[in-house]
Visitor: 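Dropping the structure in here first, questions after.
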Amino acid sequence: MTTKSKKDQVPEQTSADFSGLVPVSKGSRVYLIDGSGYIFRAFHALPPLTRPSDGLPVGAVHGFCQMLWKFLRETKASEAPTHMGVIFDAGRETFRNEIYPKYKAQRPPPPEELIPQFPLIRDAVRAFNVACIELDGYEADDLIATYARMAVDVGGDVTIVSSDKDLMQLVRPGVTMFDGMKSKRIGRDEVIEKFGVPPEKVVDVQSLAGDSIDNVPGVPGIGIKTAAELIAAYGDLDSLLAHAGEIKQPKRREKLIEFAEQARISRSLVLLKDDVVLATAIEALGVRDPHVDALLAFLRAMEFNTLTKRIAVGLGAEVPPPLAVSVGASVKAPPQQAKTRDLETIEEAAPVEASPAAAVAAGAAIARAEGVDRSKYEAVTTRARLEDWICRAREAGRVAFDTETTDLNAVDAELVGLSLAIASGEACYVPLGHTGPSGDLFGGEDNRPQQLDAEEALALLRPLLEDPSVLKIGQNIKYDMLVMKRRGIEIAPFDDTMLLSYALDGGRGQHGMDALAERHLGHMCMTFAQAMGHAPGAKKSDKTFAAMPLDKATEYAAEDADVTMRLWMTLKPRLAAEHMTTVYETLERPLVPVIVGMEHAGIKVDRDILSRLSNTFAQRTVRLEEEINGLVGHKFNLGSPKQLGELLFDRLKLPGGKKTKSGQWETRANLLDDLAANEELDGDARRLINTMLEWRQMTKLKSTYTDALPAYINAETGRIHTSYALGATTTGRLASSDPNLQNIPIRTKEGREIRTAFIADKGMKLVSADYSQIELRVLAHVADIPQLKKAFAEGLDIHAMTASEMFGVPIKDMPAEVRRRAKAINFGIIYGISAFGLANQLGISREEAGDYIKTYFQRFPGIRDYMDATKKQVHAHGHVETIFGRRIHYPEINTKNPSMRGFLERAAINAPIQGSAADIIRRAMIRMPAALKIAKLPSAKMLLQVHDELVFEVADSDASALIKTACRVMETAAEPAVKLSVPIHVDAKAADNWDEAH
DNA sequence: ATCGTGGCATA
DNA sequence: GTATGCCACGATG
């Protein structure tokens with residue numbers, strides 16, 4: 001086993017021992033590569049390139065890989081670097097924006113094609129096994145300055161690979177720059193040539209000259225030439241400004257006096273910070289050999305055929321076979337050499353079929369090679385052992401991570417322990433908060449098992465969890481991110497096996513770990529009950545993870561991390577092979593931190609309002625109950641549909657009774673409504689039914705909402721923190737639970753009262769922004785229905801238009817009933833209409849409903865075409881797609897059971913419509929935090945999503961600005977990936993509570 | 001305690 | 001007719 005041999009080389013485990021870390025000392029040759037510079041150059045200097053199979057833009061990734069490979073080869077041969085790192089800018093906002101808000105403010109956002117390539121390029125760096133470094137709040141240049149200083153301090157030799165003039169201030173003895181494009185060293189002389197002053201005065205010159213690209217103001221009218229002249233004459237900026245009055249030229253003198261402060265601000269912007277507190281130690285930059293398999297798999301997945309071969313040959317590795325190629329993948333990069341062409345031809349000739357691609361097979365094979373052996377897991381209880389695991393995670397560049405807590409609800413959960421896995425079968429558990437076997441109030445303390453102090457362990461783990469060069473892999477990592485966020489740790493970068501499965505296999509089953517382990521690894525995970533069964537504690541409620549003995553906890557927890565790592569190895573390669581990278585990278589993964597923020601924020605709820613409503617509902621319930629008992633003459637359980645059905649249809653022999661499939665009398669509200677409308681009924685029976693309906697409404701509102709919600713108010717925050725499931729629905733919608741805040745009543749007056757309990761904090765407003773008719777608009781677009789598109793373009797009442805088109809009634813003074821029918825039909829269309837369902841909905845005969853549908857199809861023939869095409873597609877391929885490429889599978893679609901098939905066909909018709917709408921709001925949500933930041937709305941927080949509605953909380957004074965930004969983001973969310981052929985409209989309103997805001 | 005069923009809240 | 005989650009009941013273990 002690799003673990004063993006590695007450990008064998010390290011006889012002692014002490015806190016100072018970081019196997020794999022290489023200290024920097026005299027003679028070290030440290031290479032710091034300006035990653036962002038590389039990216040932009042790769043992007044702009046090279047022609048655009050898209051991945052043949054799915055059109056994902058990958059030009060910058062390709063150029064970057066090419067440049068990095070060339071650089072690695074050349075320097076390895078000539079200069080033998082000892083340390084190397086690629087350093088990236090982390091985000092738009094840095095500490096410089098605090099000094100000067102306009103810094104880099106006018107810089108346009110990166111081109112759309114470049115955005116999905118940023119994470120891929122980081123993946124590439126990791127695959128090359130080069131340290132991949134970034135830090136929130138700092139520019140790459142500051143990190144480079146810091147590493148350079150550290151290296152020089154101990155006598156190392158630094159090369160900064162960049163041609164950015166902003167880095168020239170760092171040149172000094174021991175530090176040179178290298179322009180990879182021109183293959184030219186930049187030393188002291190070259191800096192003097194560029195700036196007219198030596199490197200140590202570059203900052204002074206830049207402070208005067210400013211920089212229009214970065215929006216560094218400088219002093220107007222002074223460029224590099226003049227600045228250099230002045231600095232040469234006066235020595236430095238401060239002396240110059242002190243003696244500004246002595247300057248001969250009047251214009252120059254006045255400007256220097258007037259803009260002295262601006263020059264000083266400019267200096268603080270230009271001066272690089274060389275004492276950043278780093279997340280990645282410089283020792284971790286030690287040069288390592290590439291991960292050959294990972295690198296080649298990555299290049300294959302990107303479909304860089306020539307580059308894959310070139311690098312495979314360069315590494316002396318076997319050229320991996322190409323991935324399974326789909327129909328559209330015949331376009332290949334032209335071969336560059338005769339020799340390459342031969343290889344290409346051989347590859348083309350090789351049989352390529354729909355079987356799993358080589359990378360996929362390889363990943364799955366490793367994941368399954370050895371069965372899960374719980375006895376091999378380690379319980380980590382010493383600092384030294386934890387440091388060893390962290391170190392190995394760093395070396396591997398990735399780690400599966402899982403937390404164990406006291407509660408399934410992440411905002412209430414207390415951390416009990418966490419597990420790590422570095423490779424298949426290599427996993428450990430770090431207990432932190434176990435109470436021990438007799439976990440009662442009195443004896444618990446003494447029985448606490450020996451374990452690391454939580455604070456100490458987290459302090460060691462934080463740099464790993466936040467290390468941009470180590471990928472953290474989780475299963476439903478949203479949960480772990482929330483738990484860690486509450487301890488001040490932001491996990492990044494990450495992958496989520498649940499979301500990988502969701503993107504790949506939506507509709508093919510559940511995406512929980514147990515289901516995935518069984519499906520992909522043939523492994524049955526230990527259940528919580530199994531592990532817990534061995535713990536003492538009479539009451540179920542006592543059985544939290546904290547009480548579990550360490551041996552069982554280790555088996556259970558480490559297995560989770562092990563299985564997660566194996567699932568990642570199985571699923572991640574499929575992403576590229578099955579062309580789901582764009583879906584995962586643009587619709588799934590980026591949503592996780594957004595949801596984490598929303599769940600963390602929660603929404604304020606007024607306990608008193610709910611309690612008052614509960615009382616009102618209780619009183620009304622009692623009165624209704626008395627009335628019903630009086631009418632019936634004896635007591636029965638009103639909440640039992642069985643008893644009610646027997647009363648109405650067996651004893652009172654009321655007409656129109658229908659049975660459910662289990663033989664019970666049906667007593668749904670719909671049916672009771674019809675029953676009450678029946679002329680044959682006497683007054684008492686009618687009163688009974690109507691009272692019963694009212695009783696049901698009252699008890700529903702009370703039990704599901706006003707009684708249940710207060711229990712969810714978090715004691716610390718006073719707010720309700722719902723949980724959003726990201727992989728629960730087949731269509732791409734989110735699901736809300738614990739509590740479900742996506743089904744808070746709105747239709748009835750009494751129900752809507754409940755919404756008044758959802759309030760904004762003091763000095764704040766709630767803003768609700770909702771898409772108008774989003775699904776019908778999507779339908780108009782995907783089915784290409786001219787009348788619908790025209791109606792939306794003109795802002796007409798869409799249901800009235802439908803009614804007018806179908807029944808020939810003028811829109812003006814249209815009877816409400818006519819419009820209601822048209823509305824029902826419109827919804828029916830979205831749901832994959834059937835005469836049976838429409839008849840049910842409208843309370844008309846099946847024949848009449850069938851006629852409506854016929855008329856509808858005559859007036860809008862495109863709808864029938866769309867439905868037929870969708871059915872054809874799903875039968876032929878077993879899946880349908882949203883407009884953004886999300887796939888929804890229907891593996892059972894060809895079932896012989898006709899009613900089942902009908903159901904699946906309707907679901908398949910609905911899925912692209914509901915799913916595309918879900919994707920649109922996902923895109924809006926993903927963009928929202930950055931948009932709020934740019935719009936300078938730090939008080940605004942997104943709190944809730946209700947399928948076509950987003951709820952925000954914002955300072956009173958910013959409400960109207962938020963409405964503007966939120967609407968813009970939501971209305972343009974489909975772009976630029978898809979330009980809809982209908983306008984998208986969003987309504988938004990601010991108020992003190994959710995009822996008034998909606 | 002846990003499960004299936006009926007019923008009902010939302011988009 | 002689509003997509004969810006939660007409640008109470010009543011039968012099961």
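These numbers were taken from a predicted model, which means no experiment stands behind them. Below, all heavy atoms of this structure are taken into account, side chains as well, without hydrogens, waters or symmetry copies. All chains are named by letter (A, B, ...) in the order of the sequence lines, taking the proteins before the strands, and each is independently numbered beginning at 1.
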Visitor: Expressed in angstrom and rounded to an integer, what is the separation of Leu904(A) atom CG from dA3(C) atom C1'?
Guide: 14 Å
Visitor: Please report the C-alpha distance between Ser899(A) and Asn897(A) in whole Å, then the side-chain angles of each, then the deciding distance to 0.1 Å, and finally whether the side-chain hydrogen bond (donor to acceptor under 3.5 Å, both in side chains) criterion is met.
Guide: CA-CA 6 Å; Ser899(A) 70; Asn897(A) 179 341; 3.2 Å; yes
Visitor: Rounded to the nearest 0.5 Å, what's the gap from CD1 on Ile833(A) to CG on Asn910(A)? Could you check?
Guide: 12.5 Å
Visitor: When all nucleic acid strands are considered with a 4.0 Å heavy-atom cut-off, which category describes Arg733(A): base, sugar-phosphate, or nothing?
Guide: base
Visitor: Salt bridge or not between Glu599(A) and Lys478(A)? Use side-chain N to carboxylate O under 4.0 Å.
Guide: yes
Visitor: Determine which pairs satisfy side chain to side chain donor-acceptor pair (under 3.5 Å) with at least one residue from residues 832-851 of chain A, sequence neighbours left out, and list them in order.
Guide: none
Visitor: How many whole angstroms separate atom NZ of Lys658(A) from atom P of dT5(B)?
Guide: 20 Å
Visitor: What nucleotide among dG6(B), dT2(C), dC8(B) has an atom nearest to a side-chain atom of Gln664(A)?
Guide: dG6(B)
Visitor: Write down the distance between OH (Tyr724(A)) and C1' (dT4(C)), rounded to a whole number of angstrom.
Guide: 13 Å
Visitor: Can you tell me which residue pairs pass the ring-ring contact (aromatic ring centres under 6.0 Å, His included) test with a partner in residues 850-869 of chain A, sequence neighbours excluded?
Guide: Phe807(A)-Tyr852(A), Tyr856(A)-Phe860(A)
Visitor: Under 4.0 Å, counting only non-hydrogen atoms across every strand here, what does Ala908(A) touch: a base, just sugar-phosphate, or nothing?
Guide: nothing
Visitor: If you check every side-chain atom of Gln914(A), which of dG5(C), dA3(C), dG10(C) has the closest atom?
Guide: dA3(C)
Visitor: Whether the Thr699(A) and Thr621(A) side chains hold a donor-acceptor pair (N or O, under 3.5 Å, no angle test) is what I'd like checked.
Guide: no
Visitor: Rounded to whole Å, how long is the line connecting atom CG of Asn637(A) with atom P of dA11(C)?
Guide: 12 Å
Visitor: Using modelled atom types and a 3.5 Å cut-off, is there a donor and acceptor pairing between side-chain atoms of Ser916(A) and backbone atoms of Ile883(A)?
Guide: yes
Visitor: Side-chain N or O of Thr660(A) versus OP1/OP2 of dT5(B): is the shortest distance under 4.0 Å?
Guide: no
Visitor: Can you tell me if His875(A) and Glu905(A) form a side-chain donor-acceptor pair at under 3.5 Å?
Guide: yes
Visitor: Aromatic ring centroids of Phe545(A) and Tyr556(A) under 6.0 Å?
Guide: yes
Visitor: What is the nucleic acid contact for Gln841(A), judged by heavy atoms within less than 4.0 Å: base, sugar-phosphate only, or nothing?
Guide: base
Visitor: Contact list please: residues 689-707 of chain A against DNA chain B, heavy atoms, distance less than 4.0 Å, in numerical order.
Guide: Arg696(A), Lys700(A), Tyr705(A)
Visitor: In whole angstrom, give the distance that lies between atom OH of Tyr712(A) and atom C1' of dG5(C).
Guide: 10 Å
Visitor: Using a strict 4.0 Å threshold on nitrogen-to-oxygen distance, state whether Arg620(A) and Glu694(A) make a salt bridge.
Guide: yes
Visitor: Using a heavy-atom cut-off of under 4.0 Å over every strand shown, decide if Gly639(A) touches base, sugar-phosphate, or nothing.
Guide: sugar-phosphate
Visitor: Are any of Arg906(A)'s side-chain N or O atoms less than 4.0 Å away from OP1 or OP2 of dT2(C)?
Guide: yes
Visitor: Mind running a 4.0 Å heavy-atom check of residues 611-618 of chain A against DNA chain B and sending the residues that fall below it, in number order?
Guide: none
Visitor: Over all strands shown, is Glu666(A) touching base, sugar-phosphate only, or nothing at heavy-atom distances under 4.0 angstrom?
Guide: sugar-phosphate
Visitor: Please confirm whether the shortest side-chain N or O distance from Thr729(A) to OP1 or OP2 of dG5(C) is below 4.0 Å.
Guide: no
Visitor: Answer with base, sugar-phosphate or nothing: what part of the nucleic acid does Ala911(A) contact at a heavy-atom distance below 4.0 Å?
Guide: nothing
Visitor: Provide, to the nearest angstrom, the distance between the CD1 atom belonging to Ile909(A) and the C1' atom belonging to dA3(C).
Guide: 15 Å
Visitor: Counting the atoms with a prime plus P, OP1 and OP2 as sugar-phosphate, which does Ile830(A) contact under 4.0 Å by heavy atoms, base, sugar-phosphate, or nothing?
Guide: nothing
Visitor: Heavy atoms under 4.0 Å, any strand shown: does Ser640(A) hit a base, just sugar-phosphate, or nothing?
Guide: sugar-phosphate
Visitor: Identify which nucleotide among dA3(C), dG6(B), dA11(B) has an atom closest to any side-chain atom of Asn910(A), counting heavy atoms from C-beta outward.
Guide: dA3(C)
Visitor: Could you give the CD1-to-C1' distance, from Ile921(A) to dT4(C), as a whole number of Å?
Guide: 15 Å
Visitor: Begin with the C-alpha distance, continue with both residues' side-chain angles, and end with the deciding distance and a verdict on side-chain contact (heavy atoms from CB on, under 4.5 Å) for Asn678(A) and Leu654(A).
Guide: CA-CA 10 Å; Asn678(A) 192 320; Leu654(A) 299 184; over 6 Å; no
Visitor: Assess whether a salt bridge exists between Arg922(A) and Glu588(A), defined as any Lys/Arg side-chain N lying under 4.0 Å from an Asp/Glu carboxylate O.
Guide: yes
Visitor: For the side chain of Lys661(A), counting heavy atoms from C-beta on, which of dA11(C), dG6(B), dA3(C) is nearest?
Guide: dG6(B)
Visitor: Could you tell me whether Phe827(A) contacts a base, only the sugar-phosphate backbone, or nothing, with contacts defined as non-hydrogen atoms closer than 4.0 Å?
Guide: nothing
Visitor: For Leu838(A) and dT2(C), what is the distance between atoms CG and C1' respectively, to the nearest whole Å?
Guide: 14 Å
Visitor: Looking only at the side chain of Tyr831(A) (C-beta and beyond, no hydrogens), which of the listed nucleotides dT2(C), dC9(C), dC8(B) gets closest?
Guide: dT2(C)
Visitor: Check DNA chain B against residues 735-756 of chain A and give the residues with a non-hydrogen atom under 4.0 Å, in numerical order.
Guide: Gln742(A), Asn743(A), Ile744(A), Pro745(A), Ile746(A), Arg747(A)
Visitor: Is a side-chain donor-acceptor pair under 3.5 Å present for Trp994(A) with Glu949(A)?
Guide: yes
Visitor: Can you list every salt bridge (charged side-chain N to carboxylate O under 4.0 Å, His left out) pair that touches residues 870-884 of chain A, not counting sequence neighbours?
Guide: Glu881(A)-Arg887(A)
Visitor: Assign Ala918(A) to base, sugar-phosphate, or nothing according to its heavy-atom contacts below 4.0 angstrom with the strands shown.
Guide: nothing
